[in-house]
Amino acid sequence: MTVPYTLAVHGGAGTIARGQADAAPYHAGLRAALAAGEAALAQGGSALDAVVAAVRALEDEPLFNAGRGAVYTSAAQHEMDAAVMDGTTLAAGAVAGVRTLRNPVQLARTVMDSRFVLLSGDGAEQFARDHGFEAMPPGYFHTDHRLAQLHQLQNEASGTMQMDHAPDPTAPLDETRKFGTVGAVALDSAGHLASAVSTGGMTNKHPGRIGDSPLVGAGIYANDQSCAVSATGSGEYFIRACVAHDIHARMAYAGATLEAASQAALAEVGRLGGEGGVIAVDRQGNIALPYISAGMYRGWVRAGEVAQTRIFED
Ligand code: ASP
């Protein structure tokens with residue numbers, strides 16, 4: 001039996017920018033990711049193929065904090081995390097602290113097919129070379145606006161408040177304070193669920209810091225019994241609240257709906273002092289896109305329907 005496929009994507013959550021916003025490029029980036037994922041689903045591809053295709057598109061778009069355009073660590077370098085999970089087999093693959101991968105999500109997909117679940121740092125880079133992944137130079141990931149954000153945060157932290165490098169806040173969400181992880185969740189026409197996530201982490205993060213994104217059960221989870229989840233937000237809180245698995249557990253053990261389970265898990269993040277959002281789809285094709293911040297870059301599409309993208313409530 002086939003079911004209508006469903007796909008949702010996100011490009012991070014955060015506070016509203018104070019400047020003159022131009023939302024069009026963000027909507028276009030989300031639409032391009034939906035188109036890439038939907039192309040896989042429409043051809044009968046798996047949910048896993050779709051989420052990887054959608055996240056690759058977001059990694060290649062410099063507006064989002066993943067792959068090209070990833071944020072800078074306090075040492076002015078890039079350290080990226082990514083993960084994928086297959087809801088049918090509960091197979092998962094993740095990488096943390098990778099520095100040269102154009103598409104960290106693709107390396108996570110390759111790790112999933114190995115005997116490992118999570119590889120980090122130099123070992124992950126070695127694994128990438130062994131599997132034929134090209135090493136991109138640091139300049140590939142650079143964007144002026146991310147470096148300006150790092151300088152702004154470091155200046156604020158040191159109290160000097162030199163705003164000469166401050167970015168022009170033309171984005172709808174305040175890019176200096178926004179969580180910019182990208183992600184995708186999908187239900188394919190065979191009824192299988194999958195999730196993917198990719199991030200540069202948080203601007204000015206300590207070298208070696210790893211967030212929720214590559215941690216199964218925190219920033220990502222997928223299980224055909226319940227739902228597929230991909231998160232964005234203050235990673236330390238999402239780790240402590242085991243957000244993605246909590247949503248699955250509330251559905252599987254307590255019979256909660258996708259919407260109620262997602263809201264409850266995020267409420268716990270809020271109670272701890274964190275913020276952010278999740279995208280989630282269940283085995284019936286219901287979609288939940290809740291966030292506890294001013295807005296979240298997000299989009300979704302179902303078989304036979306026109307793709308939708310949103311940033312705020314409207
Ligand atoms: N959750 C990510 C992290 O903590 C950040 C983000 O969503 O932008 O690494």
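Numbering of ligands and ligand atoms starts at 1, following listing order. No hydrogens, no waters, no symmetry mates; every other heavy atom, side chains included, goes into these values.
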Next item on the list: Return the residue, atom name and 0.1 Å-rounded distance of the protein heavy atom closest to atom 2 (C) of ligand 1.
Entry: Thr181 OG1, 3.2 Å
Margin query: To check your reading of the model: name the closest protein heavy atom to atom 8 (O) of ligand 1, its residue, and the distance in Å.
Written below: Gly180 N, 2.5 Å
NZ/NE/NH1/NH2 to OD/OE distance under 4.0 Å, [X] and [Y]:
X: Asp122; Y: Arg99; result: yes
X: Arg271; Y: Glu268; result: yes
X: Glu134; Y: Arg129; result: no

Margin query: Using the salt bridge (Lys or Arg N to Asp or Glu O under 4.0 Å) criterion, which residues pair with Asp144? Sequence neighbours excluded.
Written below: none
Below 4.0 angstrom from a heavy atom of [X], which ligand 1 atoms are there? Numbered from 1 as shown, please.
X: Asp212; answer: 1 (N), 2 (C), 3 (C), 4 (O)
X: Gly233; answer: 1 (N), 2 (C), 3 (C), 4 (O), 5 (C), 6 (C), 7 (O)
X: Gly235; answer: 4 (O)

Would you mind writing out the side-chain donor-acceptor pairs for residues 35-45 within the sub-3.5 Å range, not counting sequence neighbours?
from  : atom 1 : to   : atom 2 : distance (Å)
Glu38 : OE2    : Tyr5 : OH     : 2.6

Next item on the list: Have a look at Arg209, Lys205, Met202 and point out the one with the heavy atom closest to atom 9 (O) of ligand 1.
Entry: Arg209
Check: If you measure every N/O of Glu236 against every N/O of ligand 1, is any gap under 3.5 Å?
Finding: no
Notebook entry, point to check: Could an N or O of ligand 1 be found under 3.5 Å from any N or O of Thr232, whether backbone or side chain?
Noted result: yes
Next item on the list: Report the C-alpha separation of His142 and Tyr72 in whole Å, then their side-chain angles, then the decisive distance to 0.1 Å, and conclude whether the side-chain hydrogen bond (donor to acceptor under 3.5 Å, both in side chains) test is met.
Entry: CA-CA 9 Å; His142 168 81; Tyr72 281 90; 2.5 Å; yes
